There are 2 protein chains.
Amino acid sequence: MPQTPQLDATDRKIIRALQRNGRMTNLDLAQEVNLSPSPCLRRLRALEKNGAIKGYSVEVDAKAYGLPVTVMVRVSLDGHDEATVQRFESQIKAIPEVLECFVMSGLSDYLLRVVVGDLEDYERFVRARLHPIGGIGSIDTSFVYGVVKRSQVYPDISG
Amino acid sequence: MPQTPQLDATDRKIIRALQRNGRMTNLDLAQEVNLSPSPCLRRLRALEKNGAIKGYSVEVDAKAYGLPVTVMVRVSLDGHDEATVQRFESQIKAIPEVLECFVMSGLSDYLLRVVVGDLEDYERFVRARLHPIGGIGSIDTSFVYGVVKRSQVYPDISG
DNA sequence: CGAGGATTTGGCATATCATGCCCCAAACAC
DNA sequence: GTGTTTGGGGCATGATATGCCAAATCCTCG
């Protein structure tokens, strides 16, 4: 499904503009990429259709929402047979507190980003959500004390 | 500036709906949260104004864009005096390849998410962008082999 | 229990915007 | 040079956002 129709510089400009402001009007977007509204909207729809644009979202202050604690969790499995891996990954996808889960190189198999209300919630999360999955060899927890940078905008790779 | 006007359940429903689809129409949004369009839009504007909603963005396929390699980098500084920390953080913010930078608990001081075109680009990034900052004690690189989950939607904390 | 005020909601008119259609210009093949 | 393909521009129409005013709800205090 995700074709690779090779994006050109204008497509990437559209993407970066929308990464800065995803609710930007097509008229403003067209102006920013030096196109008239019609072809601009056509390109946008094409990017959505071929999968380059996967969706739109809103950036929310986690603390204001009521989830002030973000945790990065490194997880290693104690076995890597198909069944263990499949069970872990499908279970992880179903846990709402887990916003992201990456397969990693290095010492641990997975890196999770988890949001919770407080430390107690995190302990509950580990006990009630993670451990019951089974097959987990080690869990290494790091708390996020602060955010230095958080950008949605990809670098310009025109050069 | 980021007040804490205590969001209610409807505000959180608005947020979760927009996290699923950030370009959702106000009419559809109103229907989804059982409100008429007017008060729904007013709540939305209030959330934007008080900082609960920090902005809107688009989710882009990094590979389709031309940045197939994502790297998680753990960085420790060799000193923690004000000057070293300030220089590191302000420099990091200026590097376009660094999409995220968190201050962490645990063995390393920072966790960076970096996107590049290939391994060679990453080596250039470390040599030309990271090391010149100075004051860096250790760099621990982990490559992202795959994405198991990537959600923008916060858990429902009504209960 | 009821009245006042404050807050939130709903409905409506208008301006703005998205969308689909048709035409035009440039690049390309033969 | 001609036919073909690809991408851009303009316009009319339908959908949407926005601001204003009235009505309902909630809270508090008498």
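If you're wondering where the values come from, they're calculated on a predicted model, not measured in any experiment. Lettering follows sequence order; numbering is per chain, from 1.
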Once you round it to whole Å, what is the distance between P of dG11(C) and CG of L41(B)?
15 Å
Could you check whether the side chain of R45(A) and the base of dG20(C) have a donor-acceptor pair of N or O atoms closer than 3.5 Å, going by distance alone?
no
What's the CD1-C1' distance between I14(A) and dG8(D), to the nearest Å?
12 Å
If I take atom CD in residue Q31(A) and atom C1' in nucleotide dC17(C), what distance separates them, rounded to the nearest angstrom?
14 Å
Assign R43(A) to base, sugar-phosphate, or nothing according to its heavy-atom contacts below 4.0 angstrom with the strands shown.
sugar-phosphate
Per nearest nucleotide of DNA chain C, the residue lying toward the 5' end, M24(A) or P39(B), is P39(B)
State yes or no: do V75(A) and L111(A) share one hydrophobic cluster built from I, L, V, M, F, W and Y residues joined by side-chain heavy-atom distances below 4.5 Å, directly or via other members?
no
Assign T25(A) to base, sugar-phosphate, or nothing according to its heavy-atom contacts below 4.0 angstrom with the strands shown.
sugar-phosphate
Give me the ring orientation class for F143(B) and Y122(B): parallel if the planes are under 30° apart, tilted from 30 to 60°, perpendicular past 60°.
perpendicular
Starting at CG of L47(B) and ending at C1' of dT8(C), how long is that distance when rounded to a whole Å?
14 Å
Flag the pair E89(B) and K93(B) as a salt bridge only when some basic side-chain nitrogen lies within less than 4.0 angstrom of an acidic carboxylate oxygen.
no
Between R23(B) and D28(B), does any side-chain N to carboxylate O distance fall below 4.0 Å?
no
Distance, rounded to the nearest Å, where L7(B) contributes CG and dT8(C) contributes C1'
16 Å
hbond_proxy R42(A) side chain to dG8(D) base (donor-acceptor, 3.5 Å cutoff):
yes
Between P of dT16(C) and CG of N26(B), the distance in whole Å
18 Å
The residue among L7(A), D11(A), I15(A) that forms side-chain contact (heavy atoms from CB on, under 4.5 Å) with R43(A) is D11(A)
On DNA chain D, more 5' by nearest nucleotide between R23(A) and T10(A) is T10(A)
Of all the nucleotides listed (dT19(C), dC17(C), dC20(D)), which has the minimum atom distance to the side chain of L27(A)?
dC17(C)
Whole angstrom value for the distance that separates P of dT8(C) from CG of L35(B):
12 Å
Check whether the side chain of S38(A) and the base of dG10(D) form a donor-acceptor pair under 3.5 Å.
yes
When rounded to whole Å, the CG to C1' distance for the pair L29(A) and dT19(C) reads 15 Å
